[in-house]
Protein chains: 2
Amino acid sequence: MTHDPVTPRGIPDATVARLPVYLRALSALADRGIASVSSEELATAAGVNSAKLRKDLSHLGSYGVRGVGYDVEFLVHQIGRELGLTQDWPVAIVGIGNLGHALAGYAGFASKGFRVVALFDVDSTVVGDVVAGLRVRPLADLAALAGTEQIAIGVVATPAANAQDVCDRLVAAGVRSVLNFAPCVLSVPDGVDVRKVDLSTELQILAFHEQRKAVRDLVGPLDELGARVAR
Amino acid sequence: MTHDPVTPRGIPDATVARLPVYLRALSALADRGIASVSSEELATAAGVNSAKLRKDLSHLGSYGVRGVGYDVEFLVHQIGRELGLTQDWPVAIVGIGNLGHALAGYAGFASKGFRVVALFDVDSTVVGDVVAGLRVRPLADLAALAGTEQIAIGVVATPAANAQDVCDRLVAAGVRSVLNFAPCVLSVPDGVDVRKVDLSTELQILAFHEQRKAVRDLVGPLDELGARVAR
DNA sequence: ACGACTTTGTGCGCACGTTCACAAGCGCCT
DNA sequence: AGGCGCTTGTGAACGTGCGCACAAAGTCGT
Ligand SMILES: NC(=O)c1ccc[n+]([C@@H]2O[C@H](COP(=O)([O-])OP(=O)(O)OC[C@H]3O[C@@H](n4cnc5c(N)ncnc54)[C@H](O)[C@@H]3O)[C@@H](O)[C@H]2O)c1
Ligand SMILES: NC(=O)c1ccc[n+]([C@@H]2O[C@H](COP(=O)([O-])OP(=O)(O)OC[C@H]3O[C@@H](n4cnc5c(N)ncnc54)[C@H](O)[C@@H]3O)[C@@H](O)[C@H]2O)c1
């Protein structure tokens, strides 16, 4: 199923999800010429508790120096290696509509070793266009391309109605990691990971808490129940 | 404080995060004319365990009928009410670049009561343009608009370098829910919720697992004794 | 009317994640 | 060299979430 039961020996999922945040904070520090950082400082920059940060980093190894902190550049390298950023990851985007255009042109991809190698669509008015320096290909070419160049990550940016079909084709082409922007559940065979980015869900979660806050404002200081902040 | 078996109105965060998924699955069922659904069917459609689904729904109340299942339309209404979708949520988008354009034109907003009421940017080549039927305003107008029409949710789609400043202005304008697309940590005062959508993080998490899978494929079949490779 | 069948709602044990608090370790200063 | 101050790494307590398994509660057929 979509669930990933085993994180082999090692790093908890919750930690893995935070490593990119640490990496970004560390990169920012490195850019500012800062060579060393304490867990307290880095935790603040990453928006987490310092104990959690230390425990997270301890899963990678004992890379800190007691009494001093962590070497920024070294830690950048270690986290990058753990996340697999030392190698290039070829990415294909399927569905070059509003969102697909934005994604194809997104510089944030390349900065971490993600290289957009192919764009696909079915709409004949889009196919053949050059977007962000790449020609949009017909979806039918996906199978052929898979033989030439292995695609590591497939991005689904089509309407929800077509997402499962697109996903199936990606999987058939050997893709084992899918990032899904369509608002639907994708089912994939074992061994394939799907992560979804769901704008609508995020907004609804915000709305829930917003409504909660409105109610709390009415009841106000009379209510002794603790305020909860979304995470 | 004693641990009461029945907490009045507290819905776990994990449940809140799944309600939009259930809602979407239910809406799809309703569109297909299906009036009633079992927890097993709905759970499959939503990609979760059926026991988890039932427990989630039980937090809203006892809306199911034993031996039968849940009334689809009724449940849509209840979940929508709980999430606050019965009311309109005015949304403002700041940063009308690649991503901001896509967001402004996204139909998925309106379908759940999220109404984009204002677009902001600082770039004079963008300000004044009409995007998705709305004129892009200078960011300076934000404070003025806040007096006229309350903005419930602010969407940050500017580069990371400007995100904190934009966020501060949104908060100053009375916004208490922020959806952040910029790859950075936003700090906000108590009472303000921030959720972030981070494409780069998602890709890095996928890369981590992809790398893990690659290693497992190499070692996998031989690994019976849990060989731990020293680094 | 009643029993067989279906499905909900939930108690319970377990695993995971978070936070506190502190000993162990390191550099620096005298 | 040795003490001092600082920071890491982690044991332990705590909280949250997950899923099994089952009794309770309803429907349906006869
Ligand atoms: N635009 C946004 O801001 C936004 C935000 C969040 C989620 N989404 C979701 O992302 C997806 C794309 O959104 P969009 O606004 O870009 O829509 P869009 O309609 O602008 O683009 C969809 C593109 O997918 C192509 N397509 C359709 N079927 C296809 C198929 N079978 N194979 C390949 N390509 C196919 C279409 O030709 C079109 O170019 C949708 O599921 C949408 O719900 C969009
Ligand atoms: N394009 C994508 O697919 C994508 C995906 C994920 C995340 N992001 C992130 O979303 C953000 C926007 O991405 P983009 O591709 O649209 O960038 P972009 O450069 O195309 O657009 C940014 C827009 O923000 C405006 N802006 C800059 N400073 C501002 C300020 N202080 N106030 C108001 N507006 C301001 C700019 O004028 C520009 O129009 C970035 O942080 C990016 O990292 C983008």
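Per chain, numbering begins at 1; letters A, B, ... match sequence-line order.
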### Task
Determine: side-chain N/O of Lys55(A) to OP1/OP2 of dT10(D), distance under 4.0 Å, yes or no.
no
### Task
Ignoring backbone atoms, establish whether Ser39(A) has a side-chain N or O less than 4.0 Å from OP1 or OP2 of dT7(D).
no
### Message
Looking at every heavy atom in both Ile93(B) and Phe109(B), which two are closest together, and how far apart are they?
### Response
CD1-CE1, 4.4 Å
### Query
Rounding to a whole Å, what distance do you find between Asp13(A):CG and dA15(C):P?
16 Å
Residues 153-167 of chain A side chain polar contacts: donor-acceptor under 3.5 Å, at least two apart:
unit_1    : atom_1 : unit_2    : atom_2 : d
Gln164(A) : OE1    : Ser187(A) : N      : 3.0
Gln164(A) : NE2    : Asp168(A) : OD1    : 2.8
Gln164(A) : NE2    : Ser187(A) : O      : 3.0
Asp165(A) : OD2    : Arg169(A) : NE     : 3.2

### Message
Using a 4.0 Å cut-off on heavy atoms, which residues in residues 20-36 of chain B reach DNA chain D? List them by number, or say none.
### Response
none
### Message
Students often get this wrong, so: under 4.0 angstrom with heavy atoms, is Ala14(A) touching a base, only sugar-phosphate, or nothing?
### Response
sugar-phosphate
### Query
Could you give the OH-to-C1' distance, from Tyr63(B) to dT7(C), as a whole number of Å?
19 Å
What pairs of nitrogen or oxygen atoms, one from the protein and one from nucleotides 22-28 of chain C, lie under 3.5 Å apart?
unit_1  : atom_1 : unit_2   : atom_2 : d
dA24(C) : N3     : Arg66(A) : NH1    : 2.8

### Message
Please tell me if Asn49(B) has a side-chain N or O lying less than 4.0 Å from either OP1 or OP2 of dG17(D).
### Response
no
### Query
For Val37(B) and Asp56(A), take the nucleotide of DNA chain C holding the closest heavy atom to each; which residue's nucleotide lies nearer the 5' end?
Val37(B)
### Message
Quick check on dG9(C): is either OP1 or OP2 less than 4.0 Å from any side-chain nitrogen or oxygen of Ser62(B)?
### Response
yes
#### Entry: Distance-minimising heavy-atom pair for Pro189(B) and Val171(B)
CG-CG1, 3.9 Å
### Query
Distance check: side-chain N/O of Tyr70(B) vs OP1/OP2 of dG26(D), anything under 4.0 Å?
no
